[in-house]
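Everything on this sheet refers to the single structure shown next.
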2 protein chains.
Amino acid sequence: MNDNMLALENHLCFAVYAASHAFTKAYKPLLAELGVTYPQYLVMLVLWEKRVATVTEIGGALGLDTGTLSPLLKRLEKTGFIRRERSKEDERQVSIQLTPSGLAKREVGTRIGAAIGNATGCGLDSLGQLLQTMKTLRHNLEEA
Amino acid sequence: MNDNMLALENHLCFAVYAASHAFTKAYKPLLAELGVTYPQYLVMLVLWEKRVATVTEIGGALGLDTGTLSPLLKRLEKTGFIRRERSKEDERQVSIQLTPSGLAKREVGTRIGAAIGNATGCGLDSLGQLLQTMKTLRHNLEEA
DNA sequence: TAAAATTATATTGTGCACAACATAAATTGG
DNA sequence: CCAATTTATGTTGTGCACAATATAATTTTA
């Protein structure tokens, strides 16, 4: 309607974009100890849950394509947290699995996640509600 | 506490990260017509508001550093929407200003913002409330 | 079963995003 | 006024993120 609609401060898209960056920055010093970046931490979350996954499965969980994941997974392999092994049954797919070293970092990951949860300053229930709101927002945007 | 805390689906950080990507993807086809990327659109929002700004001012508004902005602004200059001119009074700073061509895209920008606002599927008031929540979240994360 | 289509991953190119470092102009303190 | 510091911007290197394309293995179909 008026000029206010154009103002940066009234754009939800920017508020979400800025909050996402704020999360990445908040995680950074904690993840540095672990030796991974934030997107690498997301991959670790998937693997701590599933233990083994194909590249496609990880991409589906995180919404990332192979152009992003291929080099990222090679870096995680170099760090020693995962192994990449071409499947025997179907040689098109690569099986990504935790190494003992990667599995051992699970507890550290849990601590880091909890620490950031605190840093949001949201109570546990309002945090759960916000989680649901963001999922709905994402879903609506992907529909349209 | 239990395993659920480690699950990807319970991480607010990931929900925000995914929503931010969803915004970028939703904007992409609309911005392609305009000939800019999503971060470039954010810079244009700042300039549509202020008309002229230094690199530092734009960085402050968007939370981006010069390593990101320097090349981005050169691309916007090549597109023809802005001019970069070293200030006469203080030769350390570069004045970024809209060209007539860049100013003329203001109406298109307003339409695009409104279109995405609709795509969120949020009513105007719940959208305003969510905006405030995300600002608070960002602020809390930057404090901690 | 041989050709066509599909599936899974990898590669290349462009554009963010930031840390670390570099440079040059302005400001300040002695 | 001159040296030291601060300020504003730029450059380099690493790591996402995705589109477009490539490759190779499987599956389908004729």
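The structure displayed is predicted, hence computed values, not measured ones.
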Original post:
Would one find a side-chain N or O of Arg84(B) under 4.0 angstrom from OP1 or OP2 of dG10(D)?
Top reply: yes
**OP:** Working to the nearest 0.5 Å, report the span between CG of Leu8(B) and CE of Met44(A).
**Re:** 13.5 Å
Subject >> Integer-rounded Å distance: dT7(D) P and Gln93(B) CD >> reply: 13 Å
Subject >> Interatomic spacing from CG in Leu47(A) to CD1 in Ile96(A) - rounded to 0.5 Å >> reply: 7.5 Å
Subject >> Distance (rounded to the nearest 0.5 Å) between Met134(A) CE and Met134(B) CE >> reply: 4.0 Å
Subject >> Reported CZ-to-CG distance for the pair Arg51(A) and Leu103(A), which is rounded to 0.5 angstrom >> reply: 4.5 Å
Subject >> Parallel, tilted or perpendicular, as decided by the 30° and 60° cut-offs, for the rings of Tyr38(B) and Tyr27(B) >> reply: tilted
Original post:
Where along nucleotides 13-26 of chain C does protein come under 4.0 Å, by heavy atom, of base (B) or sugar-phosphate alone (S), with - for untouched nucleotides?
Top reply: --SSBBB-----BS
Subject >> Pairing residues for Thr79(B) by the side-chain contact (heavy atoms from CB on, under 4.5 Å) criterion, not counting sequence neighbours >> reply: Phe81(B)
Original post:
Considering only heavy atoms from C-beta outward, does the side chain of Leu69(A) approach that of Val43(A) to under 4.5 Å?
Top reply: yes
**OP:** Residues of residues 47-60 of chain B with any non-hydrogen atom less than 4.0 angstrom from an atom of DNA chain D: list those, numerically ordered, please.
**Re:** Thr54(B), Val55(B), Thr56(B)
Subject >> Rounded distance in Å - CZ (Arg86(A)) to P (dT9(C)) >> reply: 8 Å
**OP:** Report yes or no: does Lys25(A) contribute a side-chain atom to a donor-acceptor pair with the main-chain N or O of Leu141(B) at less than 3.5 Å?
**Re:** no
